[in-house]
S.K.: 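Before anything else, here's the structure in question.
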Amino acid sequence: MPVIAMPSAGALQLGGLRVETPVVLAPMAGVTNAAFRRLCLEQAGQGSGLFVCEMITSRGLVEGDPHTRDMLHFDALETTRSVQLYGTDPVYVGKAAEILCTEYGVAHIDLNFGCPVPKVTRRGGGGALPWKRALLGRILESAVKAAEPFGVPVTMKTRKGIDADHLTFLDAGRIAQESGVAAIALHGRTVADAYSGEADWDAIAELKASVGILVLGNGDIWEAADALRMVEETGVDGVVIGRGCLGRPWLFRDLAAAFAGEQVATLPRLGEVTVMMRRHAELLCHHLGEERGCKEFRKHVTWYLKGFRAGGEMRKNLGLVATLADLDRLLADLDPDEPFPASELGTPRGRQGAPRDKVALPEGWLRDREVHEAIDEDMVSGG
Ligand SMILES: Cc1cc2nc3c(=O)[nH]c(=O)nc-3n(C[C@H](O)[C@H](O)[C@H](O)COP(=O)(O)O)c2cc1C
């Protein structure tokens, strides 16, 4: 195996939690459930990376909402449980953090301050919240205080700001540091950018240069080589991988190798991809039951087959798959020798879309940076 220059980022030390490979699976609503996390973990190898659960709401957890509790489901292989919490109320967030530590034995809690979904930002949550500096500090302190007795590190994940004229990431970094947060992850886009254009890695470098806590860089890492390049160009302590692993869980194998100084770029033939698809579906069925598992699997089909020749009829049928037996029959018809479409390498996948003209915010939100009324924490799902 060719050996390349040793990357400058080593293991991540988040408080007492050591993550050998400085790679984090980004929380992705509707994707990073127990089955997907296990699939990625199988690829990376135990200890290589941190695999964060889909976002759950503090209020949902505290009030015992069955759907929220249902999402807090872990695979037996997940010896390090990591969960992302959403919240706008320091009291709920603190209580939720405590529940995660006492009832779910989590080893890491991430807080979401980057969600761009209008339903969320309209209430001042997600990516809109860091605009209110004092409130951000109170939420972070509340989570840190609740998790501290359990030795559980708290991190936050955010965007550059609301839009180009209302940037928040440097303040957020300072507040995170003052609040005892172990690391801040920055997605190099604003809420208004949504998923459009290119992630701004210069902002990530600027944040890294401005704080003493660990900084994790996020945005547009499509290959392991991009992760190393982000570390070199920005000086970050680790990377967060979202869309790049959709339909490509083996990216975590490549990343583990790359951070160990080896050059691995997995280029699976279609036959190997179908084995991965089968494994993914099987894990989903294991965790959710066959009917729900197969339904959940359908959304992954296009990602797995992106760039392969598999025809429209085949894709349509795979998108309707209802049982594992169906899936096996369909996958058997694909040409196992078809090589990986090299043109897909390094290209965007998953959500992209256009920037937003206007970010949905509570009335008068941008007028000042203080909060005058309590924010009502609604039940939301991630993004
Ligand atoms: C389908 C999907 C769901 C997402 N859900 C969440 C979420 O629940 N919490 C969060 O912090 N970010 C969420 N994100 C954002 C990602 O975590 C990540 O910040 C973003 O995709 C940029 O990284 P990437 O370029 O590696 O994809 C989501 C992204 C996608 C594509």
S.K.: Identify the heavy atoms of A227 and L255 that sit nearest to each other, and give their distance.
M.R.: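 For A227 versus L255, the nearest heavy atoms are CB-CD2, 3.5 Å.
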S.K.: Do any pairs count as a ring-ring contact (aromatic ring centres under 6.0 Å, His included) and have a residue in residues 147-180, sequence neighbours left out, and if so which ones?
M.R.: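 Residue pairs with at least one partner in residues 147-180: W131-H166.
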S.K.: Side chains of D163 and T190: donor-acceptor distance under 3.5 Å anywhere?
M.R.: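 No pair is found: no donor N or O on one side chain lies under 3.5 Å from an acceptor on the other.
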S.K.: Transitive ILVMFWY cluster of V24 at side-chain heavy atoms under 4.5 Å: who else is in it?
M.R.: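 For the cluster that includes V24, the remaining residues are L12, L14, L17, V19, L50, V52, L214, L216, V240.
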S.K.: Hey, could you give me the CG/CG distance between L318 and L334, rounded to the nearest 0.5 Å?
M.R.: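 The CG atom of L318 sits 6.5 Å away from the CG atom of L334.
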S.K.: Could you tell me the separation between the CG atom of N33 and the CZ atom of R37, rounded to the nearest 0.5 Å?
M.R.: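 These two atoms lie 7.0 Å from each other.
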S.K.: Show the nearest heavy-atom pair for residues T155 and V181, with the distance to one decimal.
M.R.: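 Nearest heavy atoms, T155 then V181: CA-CG1, 3.8 Å.
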S.K.: Do NZ/NE/NH1/NH2 and the carboxylate oxygens of E282 and R38 come within less than 4.0 Å?
M.R.: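 Judged by the 4.0 Å cut-off on N to carboxylate O distance, E282 and R38 do not form a salt bridge.
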S.K.: I would like to know whether E313 and R315 meet salt bridge (Lys or Arg N to Asp or Glu O under 4.0 Å); could you show each step before the answer?
M.R.: CA-CA 5 Å; E313 188 64 16; R315 286 169 197 264; over 6 Å; no
S.K.: Which of parallel (below 30°), tilted (30 to 60°) and perpendicular (above 60°) describes W303 and H300?
M.R.: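 Perpendicular, since the angle between the ring planes exceeds 60°.
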S.K.: For the backbone of W365 and the side chain of K132, can you confirm whether one donor and one acceptor N or O come within less than 3.5 Å of each other?
M.R.: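 Flag set: sc K132 to bb W365 pair under 3.5 Å.
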S.K.: For the pair R189 and D200, evaluate salt bridge (Lys or Arg N to Asp or Glu O under 4.0 Å) and give the outcome as yes or no after the intermediate values.
M.R.: CA-CA 6 Å; R189 289 185 173 84; D200 174 5; over 6 Å; no
S.K.: Should R229 and E233 be marked as a salt bridge (Lys or Arg N to Asp or Glu O under 4.0 Å) after you check the CA-CA gap, both sets of side-chain angles, and the distance that decides it?
M.R.: CA-CA 6 Å; R229 191 165 53 81; E233 291 179 8; 3.5 Å; yes
S.K.: Could you check whether any side-chain heavy atom of L39 comes within less than 4.5 Å of a side-chain heavy atom of M276, counting everything from C-beta outward?
M.R.: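 L39 reaches M276 side chain to side chain.
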S.K.: Treat each ILVMFWY residue as a node, draw an edge where side-chain heavy atoms are under 4.5 Å apart, and state whether L77 and M71 are in one component.
M.R.: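 As far as the 4.5 Å side-chain criterion goes, M71 and L77 are connected within one cluster.
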S.K.: With a 4.5 Å heavy-atom cut-off, do R123 and T88 have their side chains touching?
M.R.: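 Of all side-chain heavy-atom pairs linking T88 with R123, none is under 4.5 Å.
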S.K.: Let me know which of L85, T57, L61, V62 forms a side chain to side chain contact (heavy atoms under 4.5 Å, CB included) with Y92.
M.R.: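 Exactly one pass, corresponding to V62.
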S.K.: Please report the shortest heavy-atom distance between A176 and L140, naming the atom on each side.
M.R.: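 Scanning both residues, the minimum pair turns out to be CA-CD1, 3.8 Å.
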S.K.: Rounded to the nearest 0.5 Å, what separates atom CZ in R253 from atom CD in Q43?
M.R.: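 Going from the CZ atom of R253 to the CD atom of Q43 covers 4.5 Å.
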S.K.: Minimum heavy-atom separation for V152 and V106, please, with both atom names.
M.R.: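 Result for this residue pair: CG2-O, 3.3 Å.
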S.K.: Mind listing the closest non-hydrogen atom pair of L111 and A143 along with its distance?
M.R.: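 Of all heavy-atom pairs spanning L111 and A143, the closest is CD1-CB, 3.7 Å.
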S.K.: Could you walk me through whether D65 and R59 satisfy the salt bridge (Lys or Arg N to Asp or Glu O under 4.0 Å) test, starting with their C-alpha distance in whole Å, then the side-chain angles of each, then the deciding distance to 0.1 Å, before giving a yes or no?
M.R.: CA-CA 8 Å; D65 171 56; R59 187 173 141 194; over 6 Å; no
S.K.: Between R351 (side chain) and S196 (backbone), is there a donor-acceptor pair under 3.5 Å?
M.R.: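 Not at all, since once roles are kept as given, no pair shorter than 3.5 Å links the two residues.
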S.K.: Between atom CD1 of I184 and atom CD1 of I204, what is the distance when rounded to the nearest 0.5 Å?
M.R.: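 It comes to 11.0 Å.
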S.K.: Distance alone, cut at 3.5 Å: any donor-acceptor contact between the side chains of H187 and T158?
M.R.: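 The criterion, which ignores hydrogens and geometry beyond distance, is not satisfied for T158 and H187.
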S.K.: Decide yes or no for C101 and E148: does some side-chain heavy atom of the first lie under 4.5 Å from some side-chain heavy atom of the second?
M.R.: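 A side-chain contact is absent here, since even the closest heavy-atom pair is not under 4.5 Å.
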S.K.: With sequence neighbours left out, write down each residue that passes salt bridge (charged side-chain N to carboxylate O under 4.0 Å, His left out) with E54, or none if nothing qualifies.
M.R.: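 Result, salt bridge (charged side-chain N to carboxylate O under 4.0 Å, His left out) vs E54: none returned.
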S.K.: Starting from V359, can I reach L366 by hopping between I/L/V/M/F/W/Y residues whose side chains sit under 4.5 Å apart?
M.R.: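 Linked within one cluster.
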S.K.: Salt bridge or not between D193 and R356? Use side-chain N to carboxylate O under 4.0 Å.
M.R.: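 The answer is no: the pair does not qualify as a salt bridge.
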S.K.: Not counting sequence neighbours, which residues clear side-chain contact (heavy atoms from CB on, under 4.5 Å) with P341? List them please.
M.R.: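 Here the qualifying residues are F308, S343, E344.
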S.K.: Inspect the contact between D335 and R269 and indicate whether a charged nitrogen and a carboxylate oxygen are less than 4.0 angstrom apart.
M.R.: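 Not counted as a salt bridge, because no side-chain N and carboxylate O are separated by less than 4.0 Å.
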S.K.: Below 4.0 angstrom, N of the basic side chain to O of the carboxylate: do R174 and E178 qualify?
M.R.: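 Counted as a salt bridge, because a side-chain N and a carboxylate O are separated by less than 4.0 Å.
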S.K.: Look at the aromatic rings of H280 and F297 and report parallel, tilted or perpendicular, splitting at 30° and 60°.
M.R.: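 It falls in the perpendicular class, over 60°.
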S.K.: Check salt bridge (charged side-chain N to carboxylate O under 4.0 Å, His left out) between K208 and all other residues, then give those that pass, not counting sequence neighbours.
M.R.: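 K208 satisfies salt bridge (charged side-chain N to carboxylate O under 4.0 Å, His left out) with D237 only.
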S.K.: For residues V83 and H108, determine if any side-chain heavy atom of one lies less than 4.5 Å from a side-chain heavy atom of the other.
M.R.: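 A side-chain contact under 4.5 Å is absent here.
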S.K.: If we ignore hydrogens and angles and just use 3.5 Å, is the side chain of R369 paired with the main-chain N or O of P130 as donor and acceptor?
M.R.: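 Yes; judged by distance alone, with no hydrogens or angles, the pair exists.
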S.K.: Flag the pair R248 and E223 as a salt bridge only when some basic side-chain nitrogen lies within less than 4.0 angstrom of an acidic carboxylate oxygen.
M.R.: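 Yes.
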S.K.: ring-ring contact (aromatic ring centres under 6.0 Å, His included): which pairs involve residues 196-255, sequence neighbours left out?
M.R.: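 Qualifying pairs, neighbours excluded: F51-F252.
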S.K.: Show the nearest heavy-atom pair for residues L246 and G350, with the distance to one decimal.
M.R.: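 Minimum heavy-atom contact is CD1-CA, 4.0 Å.
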S.K.: Rounded to the nearest 0.5 Å, what separation is found between the CG atom of N112 and the OG atom of S58?
M.R.: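 OG of S58 is found 10.0 Å from CG of N112.
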S.K.: Any donor and acceptor pair, going by atom type alone, linking the side chain of E63 with main-chain N or O of G60 inside 3.5 Å?
M.R.: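 No, because the side chain of E63 does not come within donor-acceptor range (under 3.5 Å) of the backbone of G60.
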S.K.: Y104 vs R69, test: side chain to side chain contact (heavy atoms under 4.5 Å, CB included). Steps then yes/no.
M.R.: CA-CA 10 Å; Y104 293 91; R69 296 269 176 172; 3.0 Å; yes
S.K.: Is the shortest heavy-atom distance from the side chain of E42 to the side chain of R279 under 4.5 Å?
M.R.: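 Heavy-atom side-chain distance check passes, below 4.5 Å.
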S.K.: Under 3.5 Å, is there a donor-acceptor pair between the side chain of R298 and the main chain of V321?
M.R.: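 Yes.
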S.K.: Find the distance between CG (D254) and OG1 (T266) and round it off to the nearest 0.5 Å.
M.R.: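 One finds 3.5 Å between CG of D254 and OG1 of T266.
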S.K.: Any ion pair linking D220 and R349 (charged N to carboxylate O, less than 4.0 Å)?
M.R.: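 Salt bridge between R349 and D220, a charged N being under 4.0 Å from a carboxylate O: no.
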S.K.: Going by an N to O cut-off under 4.0 Å, is there a salt bridge joining R138 and E141?
M.R.: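 Salt bridge absent between R138 and E141.
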